[in-house]
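Heads up: the structure comes next, in structure tokens.
No hydrogens, no waters, no symmetry mates; every other heavy atom, side chains included, goes into these values. Source: prediction; values computed, not measured.
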Amino acid sequence: MGMTVTHAPAMEDLTKDSEPRHGPVKPERPAALKRRVRRENLAGYLFMSPWIAGFLLLTAGPMIASLYFAFTDYNLFDAPKWIGLDNFSEMFGDPRWRHSVQVTLWYVVVGTPLKLLAALGVALLLAQKRRGQAFYRAAFYAPSLIGASVSVAIVWKAIFSDDAVVDRTQKIFGIDVGGWTGNPDLIIYSLVALTVWQFGAPMVIFLAGLKQVPRELYEAAEVDGAGKFRRFWNITLPMISPVLFFNVLLETIHSFQIFSSAYIVGGGAGGNACGPADGSMVYTCYLYVQGFENSRMGLASAMAWMLLVAVALVTAVLFWSQKRWVHYEEGAR
């Protein structure tokens, strides 16, 4: 029986067959390459043009205008008149402005930690496997979706008003201080209670962080005899410290920006726009009063830029402090 021997093609034949029939591909000339890149960039800018227009017209433009108005006397009806730093000097000398700063700082320092503690506590409970876990997560998250609405603020004001649910409950225990919303010393506590009630958003973020903690660490610590508190302090907190930092940063900025709930619970437009005796006069509420009720838009713009600077400084301090207590995985920074 004869055998047919097939010879492998020569290397020259492989090279020849691998080239296109019309010849080798010529490199694109620099001029043609530049034209192609220019066309691609133009297409990208065309797709981005709605966002760019919105940013320039609705964000950057108003910010630049407000920066100019901060140095002018502007009442929304007459042309702005340049007055230099007079708005800032008047602002620093205004006792109501200083009071609004104190109320806002108190709200941030008290409300933000309480909200995060509630979020972390509920997240630790929901991280454990139990029946109806999905329902409980949705139920606890729901207030964050509707908490910032005007309707909820109106209901909250009704709950804490005179002879309402909270007032009647207090009287059962012999506490007769009246409604919180009508008391200059207690109305701020109703706002803190409202923000704590909206702990759903940071709770979900804490849940995501707790799911990333390796179970082997808890098992090893339990074998070594570590109790629940020690496991929480030495394992849970360091492992979720980046998530904790994110929540602290986000909620602190949100606390500085509180307006709608304070304005509605405080009484809305009129003499008590910022609560009885300015009890709920947070910074943004007084800014609104100066800008839209007193028609002093120049002064309101100066107050807005001062708030921006304050939030930027607080953010910078938080980022500086994270080096001391936030633990990242190697190479995760």
Do [X] and [Y] meet the criterion of a side-chain donor-acceptor pair at a distance under 3.5 Å?
X      : Y      : value
Asn294 : Gln290 : yes
Gln102 : Tyr283 : no
Asp278 : Tyr286 : no
Thr236 : Tyr218 : yes

Is [Y] close to [X] at the side-chain level, that is, under 4.5 Å between some pair of heavy atoms?
X      : Y      : result
Asp163 : Arg168 : yes
Trp305 : Ser66  : yes
Leu244 : Trp325 : yes
Met303 : Arg296 : no
Leu120 : Leu116 : no
Val213 : Met239 : yes

Quick check on Arg230: does its CZ atom have over 12 non-hydrogen neighbours (other residues, nucleotides or ligands) under 6.0 Å away?
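Result for CZ/Arg230: open.
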Counting heavy atoms not belonging to Lys211, are there more than 12 under 6.0 Å from its NZ?
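Buried by this count: over 12 neighbours within 6.0 Å.
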Is Glu219 salt-bridged to Arg215, cutoff N-O under 4.0 Å?
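No, no charged N to carboxylate O under 4.0 Å.
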Point-to-point distance, once rounded to the nearest 0.5 Å, from [atom1] of [X] to [atom2] of [Y]:
X      : Y      : atom1 : atom2 : value
Asp86  : Leu299 : CG    : CG    : 11.0 Å
Phe160 : Leu191 : CZ    : CG    : 9.5 Å
Leu250 : Thr315 : CG    : OG1   : 10.0 Å

For the aromatic rings, using the six-membered ring if either is Trp, is the centroid distance between Trp97 and Phe92 under 6.0 Å?
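So the answer is yes for these two rings.
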Taking the six-membered ring for Trp, is the centroid-to-centroid distance between Tyr189 and Trp106 below 6.0 Å?
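Ring-ring flag for Tyr189/Trp106: true, centres closer than 6.0 Å.
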What are the two closest heavy atoms between [X] and [Y], and how far apart are they?
X      : Y      : answer
Phe69  : Ser301 : CB-OG, 3.6 Å
Tyr68  : Pro80  : CE2-CG, 4.0 Å
Ser144 : Gly200 : OG-N, 2.9 Å
Phe77  : Ser295 : CE1-OG, 4.0 Å
Leu56  : Pro62  : O-CD, 4.3 Å
Ser161 : Asp167 : O-CB, 3.9 Å

Say whether Leu117 and Leu237 are linked into one hydrophobic cluster, either directly or through other cluster members, by side-chain heavy-atom distances under 4.5 angstrom.
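No, separate clusters.
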When you look at Lys228 and Glu222, which way does the salt bridge (Lys or Arg N to Asp or Glu O under 4.0 Å) test go after all the steps?
CA-CA 9 Å; Lys228 291 184 178 180; Glu222 191 172 0; over 6 Å; no
Please work out whether the ring planes of Phe232 and Phe229 are parallel, tilted or perpendicular, with thresholds of 30° and 60°.
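Ring orientation, 0 to 90° scale: tilted.
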Describe, in one word, how the ring planes of Phe245 and Phe319 are oriented to each other, choosing from parallel (under 30°), tilted (30 to 60°) and perpendicular (over 60°).
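Perpendicular.
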Quick one: ring pair (Phe, Tyr, Trp, His ring centres under 6.0 Å) partners of Phe292, sequence neighbours excluded?
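With neighbours one apart ignored, the set is Tyr288.
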Donor-acceptor pairs under 3.5 Å, side chain of residues 169-176 to any protein atom, not counting sequence neighbours: which ones?
from: Thr169; atom 1: OG1; to: Val165; atom 2: O; distance (Å): 2.7
from: Gln170; atom 1: OE1; to: Trp180; atom 2: NE1; distance (Å): 2.5

